[in-house]
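Presented below is the structure to which this report refers.
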Amino acid sequence: MGLMIYNTLTRTKEPLETIEPGVVRMYVCGPTVYDKAHIGHAMSSIVFDVIRRWLEYRRYRVLHVMNYTDVEDKVILRAQELGVDSIELAEGYMHDYDQHLKDLNVLPASVNPRASTEIEAILEMVKGLVDRGFAYQVDGDVYFRVAKDDDYGRLSGRRVEEMRAGARLIVDERKEAPADFALWKAAKEGEPAWESPWGMGRPGWHIECSAMNLHHLGEQIDIHGGGSDLIFPHHENEIAQSESFTGKSFSRYWVHNGMLQFEGEKMSKSLGNVVTVEEFLEDHNGNILRMVILNASYRKPLKFNQDVITQAERAWERLKGALRPATPMPEAPEKVVADLNTQVEKTRAGFETAMDDDFNTSEALSHLFELVRGINQARDAGVESEPLGEAQRTLRELSEVLGLELELGGGIDREAEAFIELLIEVREELRQAKQWALADLIRDRLLTLGVHLEDGKEGTTWRAG
RNA sequence: GGGGACGUAGCCAAGUGGUAAGGCAGGGGUCUGCAAAACCCUUAAGCGCGGGUUCGAUUCCCGCCGUCCCCUCCA
């Protein structure tokens with residue numbers, strides 16, 4: 001069947017056919033860096049990270065571009081409020097976001113262009129659009145002439161004449177038509193500005209993505225991604241600009257992630273229901289957010305609340321638990337080993353089928369959990385560490401394709417481990433001597449340091465967290 | 001007003017024209033000095049409501065109700 005991708009443009013799943021065999025050119029709209037990022041932004045980055053990892057698993061070379069919008073009304077406004085330079089302000093948030101992506105185990109994009117460093121490409125495009133009659137200049141602003149683009153609206157399914165012009169916005173009388181949008185804006189006093197044929201100014205929001213695509217990936221790309229809130233007007237306008245400029249179709253597949261819902265509403269700054277990435281990572285590790293996301297379809301709205309987090313934490317623990325070492329017993333039945341091997345094969349096949357079907361991570365995870373059960377059953381049956389290890393390697397490998405890090409004992413460094421082992425040894429002596437109070441004291445004290453002791457059949461084991 | 005989605009057990013959620021994955025919680029058990037954890041087993045939905053198509057629909061079509069997103073900056 002091959003890899004199927006849901007395309008917003010056609011509202012159907014289509015087989016992936018890339019422009020260049022074996023290569024995927026993917027552009028994802030990144031955040032406007034005017035404030036701390038929230039977990040909705042992170043969701044988008046994680047979704048496209050999983051897509052990218054799956055494409056790479058399928059042997060594609062992925063050229064992955066994600067932009068940072070650092071020249072924009074909100075950035076400028078914020079900088080003026082704080083009395084700082086807007087580009088520097090954006091740079092700070094940009095570096096924060098880079099760090100968040102690392103903490104969330106998101107693979108770095110091939111390129112992270114910024115509006116402020118792409119002015120040349122932007123100007124070239126705006127000029128071209130003016131030359132070809134797709135844009136016009138008014139008082140130092142340049143607008144895209146939507147009427148000139150006959151298939152405008154095909155991504156979002158809108159007809160220009162059906163949109164209630166001026167319902168919620170004040171129509172700029174200088175524009176030829178209400179739907180026309182700015183490619184270039186004349187700069188006001190104190191705003192970042194660059195020289196242009198129309199005077200000092202700065203790019204409009206939509207044009208930077210078109211220009212960056214052209215500059216870094218070429219005239220035609222395979223996948224263009226972003227949040228579903230960008231379908232209109234942003235991506236609609238990108239299509240208009242890019243296709244009018246090149247005369248070629250722009251992106252083959254348009255992929256959009258659903259919005260993260262917090263208490264039934266979209267998480268957004270204007271609603272004030274924001275959980276920043278920083279806040280989330282203070283209380284949880286990045287795998288937990290990823291688990292929340294992987295549990296559901298990337299295209300649907302994602303419910304986010306404390307319950308969902310708790311459930312994801314528990315599920316993640318279960319996944320990790322499967323990596324516990326074997327507890328070999330003399331007469332482990334051979335059938336168990338055979339069943340385990342069968343499960344490994346079934347898991348990989350099911351996982352691949354699920355991921356090929358528009359990145360069905362929820363179903364892919366279900367196959368991982370079936371492997372977890374198989375591993376645990378085999379361990380309980382006393383299977384030797386080698387057949388068990390094989391299954392565990394598969395689990396780890398497939399988890400990594402989803403970007404999950406299952407390694408045990410994270411957060412505790414090597415030197416500390418030796419001391420923990422020592423304490424366990426001492427405590428074991430105390431338990432032999434039935435010095436329960438002292439034994440419990442060690443256990444409790446270690447717990448406050450983030451080390452859990454577990455007394456089992458095969459002795460005491462420990463884990464971090 | 002227009003455009004786009006969604007509604008599956010207590011919760012999250014996948015999925016299919018022939019009677020529903022997985023996870024969490026719940027119940028039972030194993031282990032244990034106690035505890036915690038872990039593991040095993042297990043209960044639970046007939047798929048928003050009303051019609052239609054069909055031998056048969058949760059899955060297709062129509063209507064209704066409800067929720068969300070977009071039409072202003074937005075991942």
Side-chain angles (χ1 to χ4, degrees), chain A residues 8 11 28-32 34 37-48 66 69 72-75 77 153 155-159 161-165 167-170 179 205 225-234 236 256-261 264-270 291-292 294-297 299-305 307-319 321-322 324 327 350 354 357 360-370 372-373 375-377 379-381 431 434-437 439-440 443-444 447 452-458 461-463:
Chain A
T8 306
R11 316 268 168 199
V28 181
C29 289
T32 298
Y34 74 101
H38 59 71
I39 53 176
H41 300 111
M43 174 192 179
S44 186
S45 291
I46 290 171
V47 163
F48 287 97
M66 187 197 80
T69 300
E72 200 269 337
D73 292 3
K74 288 201 166 183
V75 186
L77 188 68
L155 178 68
S156 58
R158 289 158 209 258
R159 312 266 333 132
E161 53 274 22
E162 278 168 3
M163 289 191 280
R164 258 200 321 188
R168 287 169 71 191
L169 68 159
I170 299 149
W205 174 38
S228 63
D229 54 348
L230 299 181
I231 294 171
F232 190 90
H234 185 55
E236 197 71 74
H256 295 97
N257 64 275
M259 294 293 99
L260 189 145
Q261 307 287 130
E265 278 180 319
K266 173 184 168 187
M267 181 171 288
S268 77
K269 283 170 189 149
S270 48
M291 280 297 283
V292 171
L294 293 172
N295 181 49
S297 160
R299 282 196 271 133
K300 289 191 190 176
L302 181 72
K303 282 181 201 163
F304 185 88
N305 54 47
D307 277 357
V308 162
I309 295 172
T310 307
Q311 290 171 11
E313 278 174 333
R314 305 286 300 121
W316 188 61
E317 291 292 338
R318 179 165 168 78
L319 221 43
R324 286 163 192 251
T327 51
D357 182 15
N360 190 336
T361 54
S362 175
E363 198 176 312
L365 266 186
S366 79
H367 293 290
L368 256 33
F369 281 111
E370 275 158 12
V372 165
R373 180 178 299 116
I375 290 171
N376 289 335
Q377 284 172 341
R379 186 195 299 100
D380 282 2
R431 293 178 72 214
K434 298 197 190 299
Q435 299 274 345
W436 307 125
D440 290 353
R443 185 173 64 196
D444 293 346
L447 185 61
H452 291 252
L453 295 194
E454 295 167 7
D455 299 330
K457 220 185 303 186
E458 313 297 320
T461 56
W462 66 275
R463 63 187 177 84

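Note on naming: letters A, B, ... go to the chains in the order of the sequence lines (proteins, then strands), and numbering restarts at 1 for each one.
Residues satisfying the salt bridge (Lys or Arg N to Asp or Glu O under 4.0 Å) criterion with A/D357, sequence neighbours excluded, are A/K13. Remark: A/T69 pairs with A/N67, A/E208 by the side-chain hydrogen bond (donor to acceptor under 3.5 Å, both in side chains) rule, at least two apart or across chains. With sequence neighbours excluded, the residues forming a ring-ring contact (aromatic ring centres under 6.0 Å, His included) with A/H38 are A/H41, listed by chain and number. Remark: A/D73 pairs with A/K185, A/R202 by the salt bridge (Lys or Arg N to Asp or Glu O under 4.0 Å) rule, at least two apart or across chains. With sequence neighbours excluded, no residue forms a side-chain hydrogen bond (donor to acceptor under 3.5 Å, both in side chains) with A/T32.
Rounded to a whole Å, the NE2 atom of A/H367 is 11 Å from the P atom of B/G15. Spacing between atom CE of A/M259 and atom P of B/G4 amounts to 18 Å, rounded to whole angstrom units. Going from atom CG of A/L302 over to atom C1' of B/A5 covers 15 Å, rounded to whole Å. Summarising the geometry, the separation between CG on A/D357 and C1' on B/U16 is reported as 12 Å, rounded to the nearest angstrom. At whole-Å resolution of the value, NE2 in A/H41 and P in B/C73 are 15 Å apart. The nearest whole Å value for the distance from the CD atom in A/E236 to the C1' atom in B/G3 is 11 Å. If you take CD1 of A/I231 and P of B/G2, they are 19 Å apart, rounded to a whole angstrom. Spacing between atom CZ of A/R159 and atom C1' of B/C70 amounts to 18 Å, rounded to whole angstrom units.
Using atom C1' as the reference point in both B/A75 and B/C70, the two lie 14 Å apart (nearest Å). With both ends at atom C1', the span from B/G50 to B/A57 equals 15 Å, rounded to whole Å. The P atoms of B/A14 and B/G23 are separated by 15 Å, rounded to the nearest whole Å. Taking atom P on both B/U43 and B/A20, the two are 14 Å apart, rounded to the nearest angstrom. Between B/U67 and B/G26, the distance separating the two C1' atoms is 28 Å to the nearest Å. When the P atom is used for both B/C11 and B/G29, the distance is 27 Å, rounded to whole Å. To the nearest whole angstrom, the two P atoms, one in B/A37 and one in B/G27, are 14 Å apart. When the P atom is compared between B/A5 and B/A9, the two are found 23 Å apart, to the nearest whole Å.
The side-chain contact (heavy atoms from CB on, under 4.5 Å) with A/L302 is formed by just one residue from the set A/N257, A/I39, A/L260, A/V47; it is A/L260.
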Carefully, step by step, assess A/E363 and A/H367 under the rule side chain to side chain contact (heavy atoms under 4.5 Å, CB included). CA-CA 7 Å; A/E363 198 176 312; A/H367 293 290; 4.0 Å; yes

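With rounding to the nearest 0.5 Å, the separation of CG in A/N295 from NZ in A/K303 is 11.0 Å. Distance check: A/I309 CD1 to A/M291 CE gives 13.5 Å after rounding to the nearest 0.5 Å.
Counting heavy atoms from C-beta on, the side chains of A/H256 and A/S44 never come closer than 4.5 Å.
A donor and an acceptor atom never sit less than 3.5 Å apart when one is taken from the side chain of A/D73 and the other from the base of B/C73. In terms of polar N and O atoms assigned as donor or acceptor, the side chain of A/E363 never comes within less than 3.5 Å of the base of B/G15 in a complementary pairing. Side-chain atoms of A/Q261 stay outside donor-acceptor range of the base of B/C68, with no qualifying N/O pair under 3.5 Å.
Nucleotide B/C31 forms a pair with no other nucleotide shown, judged by Watson-Crick or G-U wobble geometry with both contacts under 3.5 Å. In this structure, B/U16 forms no base pair with any nucleotide, since neither Watson-Crick nor G-U wobble geometry is met with both distances under 3.5 Å. Of all nucleotides present, none satisfies the Watson-Crick or G-U wobble test against B/C73 with each distance under 3.5 Å. The nucleotide B/A44 finds no pairing partner, because no Watson-Crick or G-U wobble arrangement with both distances shorter than 3.5 Å includes it. In a base pair of the Watson-Crick type (N1 to N3 plus N6-O4 or O6-N4) or a G-U wobble (N1-O2 and O6-N3), with each distance short of 3.5 Å, B/G10 is matched with B/C24. Nucleotide B/C68 forms a Watson-Crick or G-U wobble pair with B/G4, both donor-acceptor distances falling under 3.5 Å. B/U59 makes up no base pair with any nucleotide shown, lacking Watson-Crick or G-U wobble contacts both under 3.5 Å.
For A/D229, the side-chain atoms get nearest to B/C70 when compared with the rest of B/C11, B/A21, B/C70. For A/R158, the side-chain atoms get nearest to B/C71 when compared with the rest of B/C11, B/C69, B/C71. The nucleotide whose nearest atom lies closest to any side-chain atom of A/R431 is, among B/C73, B/C34, B/A13, B/C34. Taking the side chain of A/S44 as heavy atoms from C-beta on, and the options B/C70, B/C11, B/A75, the nearest nucleotide is B/A75. Between B/C70, B/A75, B/G22, one nucleotide has an atom nearer to the side chain of A/F232 than all others, and that is B/C70. Of the candidate nucleotides B/C73, B/C70, B/C34, B/C34 has the atom nearest to the side chain of A/R443. The A/A439 side chain lies nearest to B/G33 when the options are B/A13, B/G23, B/G33.
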Readout for nucleotides 38-49 of chain B: B = base within 4.0 Å of protein heavy atom, S = sugar-phosphate only, - = neither; 5' to 3' it is SSSS--------

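Phosphate proximity of B/C12 to A/K303: present, with a side-chain N or O under 4.0 Å from OP1 or OP2. A sub-4.0 Å separation between OP1 or OP2 of B/C34 and a side-chain N or O of A/K434 is absent. Distances shown here put every side-chain N or O of A/K300 at or beyond 4.0 Å from the OP1 or OP2 atom of B/C69. For the pair A/T32 and B/A75, the criterion of a side-chain N or O lying under 4.0 Å from OP1 or OP2 is met. Contact annotation: A/N360 reaches the phosphate of B/G15 (side-chain N/O to OP1 or OP2, under 4.0 Å).
If you check the side chains of A/R379 and A/N376, you find a donor sitting under 3.5 Å from an acceptor.
Using a 4.0 Å heavy-atom criterion, one finds that A/M267 contacts the bases of the nucleic acid, with or without backbone contacts as well. Residue contacts shown for A/L260 include a base, since a base heavy atom lies under 4.0 Å away.
Comparing A/W436 and A/W316 along RNA chain B, the residue whose closest nucleotide (by nearest heavy atom) sits nearer the 5' end is A/W316. Residue whose closest nucleotide on RNA chain B sits further toward the 5' end, between A/G226 and A/S297: A/S297.
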